[in-house]
Protein chains: 2
Amino acid sequence: MSNAIDTRTALLAEAETLVRTLGYAAFSYGDLSERVGIRKASIHHHFSTKEVLGNALIENYLERFRAQLAELSASGGAATKQLRAYGDFFSGSLAEGQMPLCGALAADAAYLPPSMQKRVKAFFELHVDWLETVLRNGAANGEITLFAPPKRSALLLLSTLQGASVVAWALKDPSVIKPVFRQLLDSISRNDA
Amino acid sequence: MSNAIDTRTALLAEAETLVRTLGYAAFSYGDLSERVGIRKASIHHHFSTKEVLGNALIENYLERFRAQLAELSASGGAATKQLRAYGDFFSGSLAEGQMPLCGALAADAAYLPPSMQKRVKAFFELHVDWLETVLRNGAANGEITLFAPPKRSALLLLSTLQGASVVAWALKDPSVIKPVFRQLLDSISRNDA
DNA sequence: TTGACGCTACCTACCAGTAGGTAGGGCGTC
DNA sequence: GACGCCCTACCTACTGGTAGGTAGCGTCAA
C-alpha cells in the first residue's frame with residue numbers, strides 16, 4: 001500500500017469535512033496541512049491547485065452518492081422505503097455536524113470556478129434524475145399515486161432536503177429535518193400499497 | 001439630507017447584493033469601496049469592522065422583511081393568498097439573480113462570528129413564527145385543513161423555499177422555485193374555502 | 001471651531017501558488 | 001553488487017497579491 005495514496009485520501013477526507021463545516025471559501029491549504037500533517041506546499045504535489053482539489057472533492061462525493069443510490073435502487077424495496085432511506089442520508093450527515101457538500105458549495109456558487117459550478121450542477125441533476133425514476137416507478141407499479149408530475153415532485157423533494165439542512169444548520173437543531181421530510185413524503189402522494 | 005446617511009445606505013445596499021450573489025466570505029471591503037465610490041478605509045468610518053457591517057445587514061434585512069410580513073398579515077387576505085405572496089418574495093429575488101440573504105449566510109454559518117449566527121437564527125425563527133401563525137389562523141377560521149401540526153408545516157414551507165432557492169441557484173434555473181412551492185402549498189392542506 | 005467625513009499611506013496576517021532542493025525507493029546496466 | 005538515473009514524496013523559503021484594519025491629515029458645513 002503506497003504512502004501516497006494514503007496521503008491523497010487523507011487530504012480528500014479532511015478537505016471534505018472542512019468544506020462541509022466551514023464552506024469552500026473559508027478553508028485554506030494552511031488549515032488542511034495542519035490536519036493532515038504535511039506542509040502546505042506538499043499539498044500541491046497531490047492537488048496542483050485548490051480548484052483541482054475542489055473538483056476532486058465533488059467527483060469523489062458524487063461517485064459515492066451514485067454508488068449508494070444505485071445500491072438503493074438495486075435493493076428493489078418499495079418506492080416509499082427508498083425515499084425514506086434517501087432522506088436518511090441527509091439527516092444522518094447533518095446529525096454528524098456536516099452540511100451536504102453540494103448544498104454548502106451551491107451557496108457560494110457564484111464565487112466558485114466554472115469547472116466546479118458545472119460539477120455542482122451535475123450533482124443536483126443526478127439527484128433529481130434518481131428521485132424522478134423512483135417516483136415514476138412507484139407510480140407505474142401502482143404503489144403510489146402522485147399528485148404532480150414526477151419531475152416536479154423530485155425537485156420538491158430535493159429542495160426540501162437541501163433547505164431543511166440549511167434551516168437546521170442555522171437553527172442549530174438537526175432534529176427538524178426528519179419530521180419535515182416525513183411529512184412531505186406523506187403529502188406528495190397517496191400510498192396505495 | 002446628510003451625505004453620510006446616503007453613503008451608509010449605499011454601503012448597506014451594495015453590501016447586501018454582494019453577499020447575496022457572492023456570499024459573505026467572498027466579498028471584501030475592496031469590492032464594496034469600488035462600487036460605492038469611496039476608499040476602502042473610509043468604509044470603516046461607517047462600519048468599524050466587517051462584523052458590524054454584517055450584523056447591520058441582517059438587521060436591516062430582517063426589519064424590511066418584518067414590515068412586509070406585517071403588511072401581508074394586515075391585508076387580511078386568505079391564508080393561501082398570503083402564503084403565495086410569501087413565496088413570491090423568494091422567487092422574485094431569485095429571478096433578479098439574488099439568493100435570499102440568510103440562506104446565503106446560513107451556508108457559511110460556521111465561519112460567521114457568533115453575533116451574526118445569532119441574528120441569522122433569529123431571522124429564521126421570525127419566519128417560522130409568521131408562517132405558523134398564518135397556518136394556524138387559516139385552520140382556525142375553517143379556510144384550510146392542515147395535514148400536520150402548524151409548526152411542522154411552517155418549517156416545511158420555509159425549508160422548501162430556502163432549498164428551492166439553493167437548487168435553482170445551482171441549476172441556474174430560477175423557474176423551478178415557483179411550481180415547486182405551488183405544489184407544496186396544494187399538498188400540505190385541503191382548501192375548504 | 002468643532003466634529004463628521006473622506007482621504008492617503010500604511011500595517012500585519014494570511015492567501016494560493018512557486019522555486020528549488022533533499023531523501024529514498026525501483027531499476028536497468030556494466 | 002555498485003553505479004547512474006529517474007521517480008515519488010515531501011521539505012524550506014519565498015513570491016505577488018489581498019484581506020481587514022489603523023493612524024493621522026485635509027476639508028467643509030453647522
Side-chain angles (χ1 to χ4, degrees), chain A residues 1-19 21-58 104-105 108-117 119, chain B residues 1-19 21-58 104-105 108-117 119:
Chain A
M1 178 162 55
S2 152
N3 203 348
I5 291 179
D6 285 353
T7 304
R8 198 190 138 90
T9 306
L11 284 169
L12 277 174
E14 290 297 332
E16 184 177 322
T17 71
L18 280 170
V19 171
T21 49
L22 296 176
Y24 180 77
F27 100 92
S28 73
Y29 271 33
D31 301 332
L32 196 49
S33 75
E34 271 184 32
R35 294 189 171 226
V36 175
I38 65 174
R39 296 288 142 172
K40 189 171 70 94
S42 305
I43 301 176
H44 288 280
H45 176 72
H46 299 276
F47 301 99
S48 57
T49 69
K50 199 182 177 185
E51 180 176 349
V52 168
L53 171 59
N55 279 317
L57 225 54
I58 307 178
L105 289 175
D108 296 311
Y111 157 87
L112 298 179
S115 63
M116 287 183 68
Q117 293 186 34
R119 281 181 172 82
Chain B
M1 179 160 57
S2 152
N3 204 347
I5 291 180
D6 286 350
T7 305
R8 196 191 140 91
T9 306
L11 284 168
L12 277 175
E14 290 299 332
E16 184 176 321
T17 73
L18 280 170
V19 171
T21 50
L22 296 176
Y24 180 77
F27 101 93
S28 72
Y29 270 33
D31 302 331
L32 196 50
S33 76
E34 271 184 32
R35 295 187 169 227
V36 175
I38 64 174
R39 297 287 149 171
K40 189 169 70 100
S42 305
I43 302 175
H44 288 280
H45 176 73
H46 301 275
F47 302 98
S48 56
T49 69
K50 198 182 178 186
E51 179 176 349
V52 168
L53 171 59
N55 279 317
L57 225 54
I58 307 178
L105 289 174
D108 295 312
Y111 157 87
L112 298 178
S115 63
M116 287 184 67
Q117 293 186 34
R119 282 180 173 80

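Labels below follow one simple rule: chain letters A, B, ... track the order of the sequence lines, proteins then strands, and each chain is numbered from 1. Side-chain atoms are counted along with the backbone in the values below, which use heavy atoms only and exclude waters and symmetry mates.
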Task: Side-chain donor or acceptor of A:N55 paired with backbone N/O of A:E51 under 3.5 Å - done: yes
TODO: Nearest whole angstrom, please: distance from the C1' of C:dT8 to the CD1 of B:I38.
DONE: 14 Å
- [ ] Give the B/S/- string for nucleotides 19-27 of chain D, one per nucleotide from 5' to 3', where a protein heavy atom under 4.0 Å of the base yields B, of only the sugar-phosphate yields S, and otherwise -.
- [x] SBBB-----
- [ ] Considering non-hydrogen atoms only, spot the tightest contact between A:Y24 and A:V19 and give its length.
- [x] N-CG1, 4.1 Å
Open item on the list: Tell me the interatomic distance from B:L22, atom CG, to D:dT18, atom P, rounded to whole angstroms.
Closed with: 15 Å
Task: Minimum-distance pair of heavy atoms, taken over all atoms of A:A110 and B:T21 - done: CB-O, 2.8 Å
- [ ] For D:dC10, take OP1 and OP2 only and decide whether either is under 4.0 Å from a side-chain N or O of A:H46.
- [x] yes
Task: Length of the line joining B:R39:CZ and C:dC10:C1', which is rounded to integer Å - done: 15 Å
TODO: Check for a donor-acceptor pair, side chain of A:Y29 on one end and backbone N or O of A:T49 on the other, with a separation under 3.5 Å.
DONE: yes
Task: Nearest-Å distance for atom pair NE2/C1', residues A:H45 and C:dA23 - done: 13 Å
Open item on the list: Please find the pair of heavy atoms, one from A:V36 and one from A:E14, that lie closest to each other, and give the distance.
Closed with: CG2-CG, 3.8 Å
- [ ] Could you tell me which non-hydrogen atom of B:D31 sits nearest to which non-hydrogen atom of B:A26, and how far apart they are?
- [x] OD2-O, 3.9 Å
